[in-house]
Amino acid sequence: VYVKLFIQSKADIETESNKINVEQTTGYPWDGKISIAVTPEKEQEFALRVRIPGWAQDAPVPTDLYSFTDKAQAYSISVNGSKVNAKQYDGYATLVRNWKAGDVVEINLPMEVRRVKANDQVEDDRGKLAIERGPIMFCLEGQDQADSTVFNKFIPDGTPMEASYDAGLLNGVMVLSGTAKEIDRNGKVKDVPFKAIPYSTWNNRCRPDGCMDSRSGRVCPPHSGSYYCQQSTYSDDTGSYTERCSRIGFGGNMGMGGK
């Protein structure tokens with residue numbers, strides 16, 4: 001029996017000689033604790049193979065294009081409350097035992113905030129780091145910053161970050177917060193608070209008076225109709241941009257152009 005994805009779920013599996021119910025309880029991807037109840041119709045020995053993601057070890061991707069800047073904390077697996085040393089084969093931790101109704105497997109994948117760097121041959125990414133927690137990449141969006149701007153900030157390597165779940169934001173997401181460095185027009189640097197959101201949720205919000213460009217803080221005006229589109233070009237300290245906002249009725253979908 002293979003467990004490949006971590007998601008709140010139930011599955012009934014029929015083998016040649018048994019019927020097995022597998023029920024998974026988890027808050028993944030925000031929480032690294034996964035509980036798997038294994039309930040075979042009859043007691044039997046078989047292998048349960050649980051995928052151990054690369055991010056929980058030392059490989060954000062299965063190539064050398066990206067790597068973590070630190071070592072991962074050790075993950076743990078327990079069966080019925082007792083820790084086990086499950087060997088890995090092809091990315092799966094393998095548990096072979098005589099399974100019976102009431103058996104519970106618990107996996108704990110530490111979710112510390114980690115930095116990811118690109119292969120040094122990627123010239124444009126030298127000296128830059130990405131932020132990852134668990135399987136989720138994070139980014140800054142202007143709407144979450146005090147001055148509605150992100151390109152005047154940088155986060156030094158090693159900056160402590162606190163993770164917290166915000167049920168009211170973007171249908172419920174984990175956010176990271178900490179202190180960044182902000183550079184003003186005169187080159188002066190000061191400490192400012194920052195908030196980071198999952199990159200997958202970037203560009204999915206709108207202010208009551210219109211949608212905001214996350215890079216500049218500029219607001220596209222709202223429109224009363226079911227569809228609205230405006231495109232304009234402007235320049236600021238960070239370059240020249242083409243900005244586009246659109247609204248589709250009933251769904252409230254919005255999009256913005258890029259640099």
Side-chain angles (χ1 to χ4, degrees), residues 1-15 18 20-40 44-119 129-139 161-165 172-176 196-201:
V1 176
Y2 285 83
V3 178
K4 184 176 182 179
L5 300 177
F6 302 126
I7 187 170
Q8 191 91 1
S9 58
K10 296 180 181 179
D12 292 310
I13 302 166
E14 189 167 342
T15 69
N18 210 344
I20 307 164
N21 174 268
V22 179
E23 183 172 352
Q24 191 175 154
T25 304
T26 182
Y28 193 90
W30 314 126
D31 191 331
K33 296 179 180 178
I34 302 107
S35 176
I36 303 171
V38 181
T39 308
Q44 185 183 30
E45 182 181 59
F46 57 87
L48 179 72
R49 293 185 167 92
V50 180
R51 185 177 68 90
I52 304 300
W55 65 259
Q57 300 172 81
D58 289 311
V61 294
T63 70
D64 65 351
L65 180 57
Y66 297 105
S67 60
F68 289 112
T69 61
D70 62 354
K71 291 290 183 181
Q73 294 181 13
Y75 67 88
S76 64
I77 300 176
S78 63
V79 178
N80 299 332
S82 299
K83 287 189 177 182
V84 296
N85 184 19
K87 294 183 179 180
Q88 271 200 60
Y89 299 97
D90 297 327
Y92 288 83
T94 302
L95 302 169
V96 180
R97 58 180 276 119
N98 201 49
W99 298 94
K100 62 184 184 300
D103 285 341
V104 177
V105 179
E106 293 177 308
I107 303 105
N108 184 24
L109 305 175
M111 286 196 173
E112 70 273 24
V113 178
R114 304 178 71 185
R115 272 69 167 182
V116 179
K117 65 178 181 179
N119 187 299
L129 298 174
I131 303 169
E132 182 172 352
R133 179 184 181 272
I136 305 297
M137 304 302 299
F138 283 79
C139 70
M161 298 185 197
E162 180 179 345
S164 59
Y165 183 74
V173 295
M174 191 69 70
V175 298
L176 303 180
I197 61 170
Y199 184 74
S200 58
T201 62

Could I get the full list of salt bridge (charged side-chain N to carboxylate O under 4.0 Å, His left out) partners for D70, not counting sequence neighbours? R114
What residues form a salt bridge (charged side-chain N to carboxylate O under 4.0 Å, His left out) with R133, not counting sequence neighbours? none
Taking ring pair (Phe, Tyr, Trp, His ring centres under 6.0 Å) as the test, write out the residues that go with [X], two or more places apart.
{"X": "Y199", "result": "none"}
{"X": "Y75", "result": "none"}
{"X": "Y92", "result": "Y2"}

Quick one: does S9's side chain have a donor or acceptor within less than 3.5 Å of a partner on I7's backbone? yes
Do the side chain of D12 and the main chain of N21 share a donor and acceptor less than 3.5 angstrom apart? no
With a 4.5 Å limit on heavy-atom distance, are the side chains of [X] and [Y] in contact?
{"X": "T25", "Y": "Q8", "result": "yes"}
{"X": "I197", "Y": "C139", "result": "yes"}
{"X": "L109", "Y": "W55", "result": "yes"}

So for atom CG, which belongs to N85, do other residues, nucleotides or ligands contribute more than 12 heavy atoms lying within a distance under 6.0 Å? no
Going by salt bridge (Lys or Arg N to Asp or Glu O under 4.0 Å), name the pairs with one or both residues in residues 94-105, residues two or more places apart or in two chains. R97-D103, K100-D103
If I take atom CE from residue M174 and atom CD1 from residue I136, how far apart are they, to the nearest 0.5 angstrom? 9.5 Å
Determine, stepwise, if the pair W99 / V1 fulfils side chain to side chain contact (heavy atoms under 4.5 Å, CB included). CA-CA 12 Å; W99 298 94; V1 176; over 6 Å; no
